[in-house]
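As structure tokens, the structure follows; a few thoughts come after it.
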Amino acid sequence: MTETARRTTQSKPFQIGLSLSGAVSAGAYSAGVLDFLIEALSEWYDAKARGEPGVAGHDVFISVMAGASAGGVAAALGALSASAGLLKSEAEYAEVGTVRYALPELFEAWVKRPRLMPDQAGPAGDGRASLLDLHDLQSGTADAAQIASVFDTTVLDLVAKEVMAGADTGRKRYPFFSEPMHLFLTLTNLDGVPYRLGKGTTVTVHADRAHFAIHGLGTTPFPSDECTWLSQWGDEGVALDLSVPLPQEPPRREVQLLVNAVLGTCAYPMGLAARRIPYHPSDYGARAWTIESTYLEKFEGKPIDCLWRGDLDRELGFNAVDGGVTDNDPFSIARFTIRDMRTGRNPREAERADRAVISIAPFPDAPSKDLLDPSPGPGNSLPLLAVLGGLLPAMTRQARLKITDILDAEDPDTFSRYVITPTAPTTRRGTRSDQLACAAVAAFGGFIDESFRAHDFQLGRRNCQRFLSDHFMLDAANPVFGGTGRSSSRNGEDPDYRPIVPLHGSAREPIAAPGWPTIDAGKLAQLQDRAEVRIGALADRFLAPMLVGRWALTRWLIRRFVTAETNALAGKLAQHVEAQLAETGQFRPSGKKK
């Protein structure tokens with residue numbers, strides 16, 4: 001028996017749970033991290049299968065991916081793209097440089113397609129595929145009540161449809177995914193779900209989620225004998241078999257639910273359209289909650305009882321917006337899924353840790369200049385619009401902030417919690433060294449230009465490579481490695497750490513620091529023009545019911561006034577965007593070159 005084979009049979013597999021935070025357009029960074037992680041695992045396992053000398057023989061597997069908003073989109077598309085098989089390729093950008101990727105569907109959906117307006121990077125005549133188009137306003141009635149969002153989300157429906165139709169899932173299964181692999185997408189349920197707590201207190205819960213048990217992606221059995229959190233509550237999740245083609249006639253219910261959940265988790269309130277999520281009331285009869293199992297014993301069963309009748313099985317639906325509003329970093333879901341419920345807590349020491357949650361957190365939440373004049377009004381109070389403009393970003397930042405999880409992840413003595421955040425080595429005058437290209441304009445800035453998203457995707461891959469090589473390690477004496485190494489706890493000896501995911505093949509090739517992308521005044525002027533058209537169309541839809549029956553001259557005067565006001569608003573938006581991009585070094589006046 002070879003040394004590699006002996007270690008594989010004697011070692012304990014290391015279990016990974018992924019938590020992917022919401023980040024609006026900076027989800028391109030999360031997609032880059034996930035892209036490289038799956039490539040690195042694939043390269044390592046391929047090297048093991050070939051029997052290459054010196055390849056570590058221990059095992060690792062991902063058993064859960066929990067995502068919110070942009071992180072949920074990255075998690076779901078990452079799983080589908082991986083099931084279709086890795087296809088390494090690259091794209092060239094004038095300022096960013098060469099961007100490599102291994103999961104084409106994930107790269108296409110996050111870097112190529114989501115944009116504010118068509119540009120040279122998109123297919124010719126692809127007018128449907130931009131957020132400032134008017135396709136959502138060109139159908140239906142003229143009633144203002146039919147307006148779903150500030151942006152045209154037709155592009156998101158189109159991308160979802162094309163991914164589901166084009167992802168040839170079931171082509172590849174991996175030993176570094178569990179069977180099943182659990183996928184959670186957080187949702188904010190606007191309708192709310194009524195629950196009875198303990199012995200009588202009733203509450204309405206708006207923090208919701210979609211839970212899928214993904215089959216046909218992994219080969220390592222899910223460790224249900226020790227990770228019993230889900231089974232204790234009877235939460236099996238919606239079974240989704242990737243070995244069966246996704247497009248079916250009639251459409252498979254679980255596939256439609258996945259599409260709606262993906263679009264729902266990223267439905268940024270007011271900016272992107274809310275989504276209708278189908279459900280059966282009986283689905284809420286078995287819902288795992290991130291609370292200690294002692295509560296189950298205390299109340300002789302489930303302490304949180306859904307007030308809907310369990311036998312009411314007709315399909316209904318609820319309105320959902322961005323999951324990040326109520327749970328922007330579903331770290332607890334991932335932690336409870338991989339937790340050994342027979343013990344008090346998962347071991348954290350370098351010599352004993354056998355599982356960990358990795359949080360992929362872009363955190364593009366630095367305070368930005370107010371869109372509207374923030375000067376105090378009468379009585380030293382802020383204007384109403386300034387309050388409304390700042391409320392949602394403040395709530396989003398607070399939803400991202402989980403101090404205890406951050407402190408535990410940054411504790412050098414904790415080896416069961418990790419966080420991957422941006423650290424950009426690019427140098428530019430007057431900007432922070434850790435800024436994402438997509439961070440500007442409340443993290444919507446990445447939709448302005450494809451090169452911004454390409455930069456963050458590349459940065460995510462680079463950061464993940466550094467994380468795996470420099471930080472994601474355990475003591476050599478850990479049972480994960482078969483207990484064959486020397487313990488680093490001996491006095492007077494340097495620590496002897498080994499990587500949990502060693503780099504091999506293409507994963508060892510250095511990933512270059514991405515160049516800093518910019519746009520010029522011409523591109524910004526085009527953006528302003530498209531914004532004027534979009535804002536004007538929204539205003540027309542709102543005005544239409546109020547103008548019915550009025551004199552022609554009155555209608556003309558009102559429309560002329562509204563047009564002037566909407567153009568002024570678009571101009572102010574353009575000035576705001578220009579100021580933010582100039583501050584980060586992403587804007588250059590026409591005619592100037594870097």
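Numbers here are sequence positions counted from 1.
Of all non-hydrogen atoms in Pro422 and Ala361, the two that sit nearest each other are CD-O, 3.7 Å. Across all their heavy atoms, Met473 and Ser469 have their closest contact at CE-O, 2.9 Å. Considering every non-hydrogen atom in both Phe331 and Ser359, the closest pair reads CD1-CB, 4.2 Å. In terms of heavy-atom proximity, Ile16 sits nearest to Ile358 at CG2-CD1, 4.0 Å. Shown here for Pro269 and Val325, the closest heavy-atom pair between the two residues is CG-CG2, 3.8 Å. For the residue pair Phe184 and Thr337, the shortest heavy atom distance occurs at CE1-OG1, 3.8 Å.
Between the side chains of Tyr279 and Asn189, no donor N or O sits under 3.5 Å from an acceptor N or O. Using modelled atom types, one finds a donor on one side chain and an acceptor on the other under 3.5 Å when comparing Asn319 with Arg276. Judged purely by distance below 3.5 Å, without hydrogens or angles, the side chains of Lys88 and Ser506 pair a donor atom with an acceptor atom. Judged purely by distance below 3.5 Å, without hydrogens or angles, the side chains of Thr188 and Thr326 pair a donor atom with an acceptor atom.
The aromatic rings of Tyr101 and Phe107 sit parallel, their planes meeting at an angle under 30°, below the 60° perpendicular limit. Between Tyr174 and Phe176, the two ring planes are tilted [angle within 30° to 60°]. Between Phe472 and Tyr418, the angle of the ring planes goes over 60°, which puts this pair in the perpendicular group of the 30/60° scheme.
Comment: Arg462 does not engage Asp456 in a salt bridge, judged by the lack of any side-chain N to carboxylate O separation of less than 4.0 angstrom. Under the 4.0 Å criterion applied to side-chain N and carboxylate O atoms, Glu509 and Arg100 are assigned as salt-bridge partners. Classification of Arg508 and Glu43 as a salt-bridged pair fails, no side-chain N sitting under 4.0 Å from a carboxylate O.
Going from atom CG of Asp340 over to atom CD of Glu226 covers 4.5 Å, rounded to the nearest 0.5 Å. Atom NE2 in His215 sits 9.5 Å away from atom OG in Ser178 (nearest 0.5 Å). To the nearest 0.5 Å, atoms CG (Leu103) and CG (Leu87) are separated by 9.5 Å. To the nearest 0.5 angstrom, Lys172 atom NZ is 13.5 Å from Ser81 atom OG. Atom-to-atom distance recorded for Ser42:OG and His504:NE2 is 12.5 Å, nearest 0.5 angstrom. Remark: Phe222 CZ to Cys227 SG distance equals 5.0 Å, nearest 0.5 Å.
No side-chain heavy atom of Pro114 sits less than 4.5 Å from a side-chain heavy atom of Ser25. Contact check for Gln465 versus Asp470: no side-chain heavy atoms found under the 4.5 Å cut-off. Taking 4.5 Å as the limit, some side-chain heavy atom of Leu183 sits within range of a side-chain heavy atom of Leu258. Using a 4.5 Å heavy-atom cutoff, the side chains of Leu34 and Trp110 are not in contact. The side-chain heavy atoms of Ile38 and Leu106, taken from C-beta on, include no pair separated by under 4.5 Å. Looking at Ile304 and Val205, their side chains never come closer than 4.5 Å, going by heavy atoms from C-beta outward. By the 4.5 Å heavy-atom criterion applied to side chains, Arg417 and Arg335 are counted as neighbours. Proximity of Val193 to Thr204: side-chain heavy atoms (C-beta onward) are nowhere separated by under 4.5 Å.
In this structure, Asn328 contributes its side chain and Ser21 its backbone to no donor-acceptor pair below 3.5 Å. Of the possible polar contacts, none joining the Glu108 side chain to the Arg113 backbone as a donor-acceptor pair under 3.5 Å is found. In this structure, the side chain of Arg209 does not engage the main chain of Ile333 through any donor-acceptor pair within 3.5 Å. Between the side chain of Thr265 and the backbone N or O of Thr186, at least one donor-acceptor pair lies under 3.5 Å. The backbone N or O of Val111 sits less than 3.5 Å from a side-chain atom of Arg453, completing a donor-acceptor pair. The closest donor-acceptor contact from the side chain of Thr169 to the backbone of Leu242 lies under 3.5 Å.
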Q: Give the C-alpha distance, both sets of side-chain angles, the deciding distance and a yes or no for side-chain contact (heavy atoms from CB on, under 4.5 Å) between Lys161 and Val259.
A: CA-CA 8 Å; Lys161 179 180 179 180; Val259 172; over 6 Å; no
(Q) Would Tyr29 and Leu459 count as a side-chain contact (heavy atoms from CB on, under 4.5 Å) here? Give the steps. (A) CA-CA 7 Å; Tyr29 174 86; Leu459 180 62; 4.0 Å; yes
**Q.** Leu246/Arg252 under side-chain contact (heavy atoms from CB on, under 4.5 Å): CA gap, chis, key distance, verdict
**A.** CA-CA 8 Å; Leu246 295 181; Arg252 294 159 58 190; 4.2 Å; yes
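Among residues two or more places apart in sequence or in another chain, the side-chain contact (heavy atoms from CB on, under 4.5 Å) test is passed with Ala320 by Leu187, Ile277, Phe318. Residues meeting the side-chain contact (heavy atoms from CB on, under 4.5 Å) test with Pro13, sequence neighbours left out: Asp59, Phe61. For Asn260, there are no side chain to side chain donor-acceptor pair (under 3.5 Å) partners two or more places apart in sequence or in a different chain. By the side-chain contact (heavy atoms from CB on, under 4.5 Å) test, Thr219 is found to be paired with Arg173, Pro175, residues two or more places apart in sequence or in another chain being considered. In terms of the ring-ring contact (aromatic ring centres under 6.0 Å, His included) criterion, residue partners of Tyr195 (sequence neighbours excluded) are, by chain and number, Trp289.
Geometric assessment of Lys48 against the ring of Trp44 yields a positive cation-pi assignment under the 6.0 Å and 45° thresholds. For the pair Arg461 and Phe36, the cation-pi criterion (under 6.0 Å, within 45° of the ring axis) is not fulfilled.
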Residues 62-79 side chain polar contacts: donor-acceptor under 3.5 Å, at least two apart:
| from | atom 1 | to | atom 2 | distance (Å) |
| --- | --- | --- | --- | --- |
| Ser63 | OG | Gln15 | OE1 | 2.7 |
| Ser69 | OG | Asp322 | OD1 | 3.1 |
| Ser69 | OG | Asp322 | OD2 | 3.0 |

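Taking a 6.0 Å sphere around CD of Glu236, one finds it holds 12 or fewer heavy atoms contributed by other residues, nucleotides or ligands. Crowding of Arg171 atom CZ: a count of heavy atoms from other residues, nucleotides or ligands under 6.0 Å not exceeding 12.
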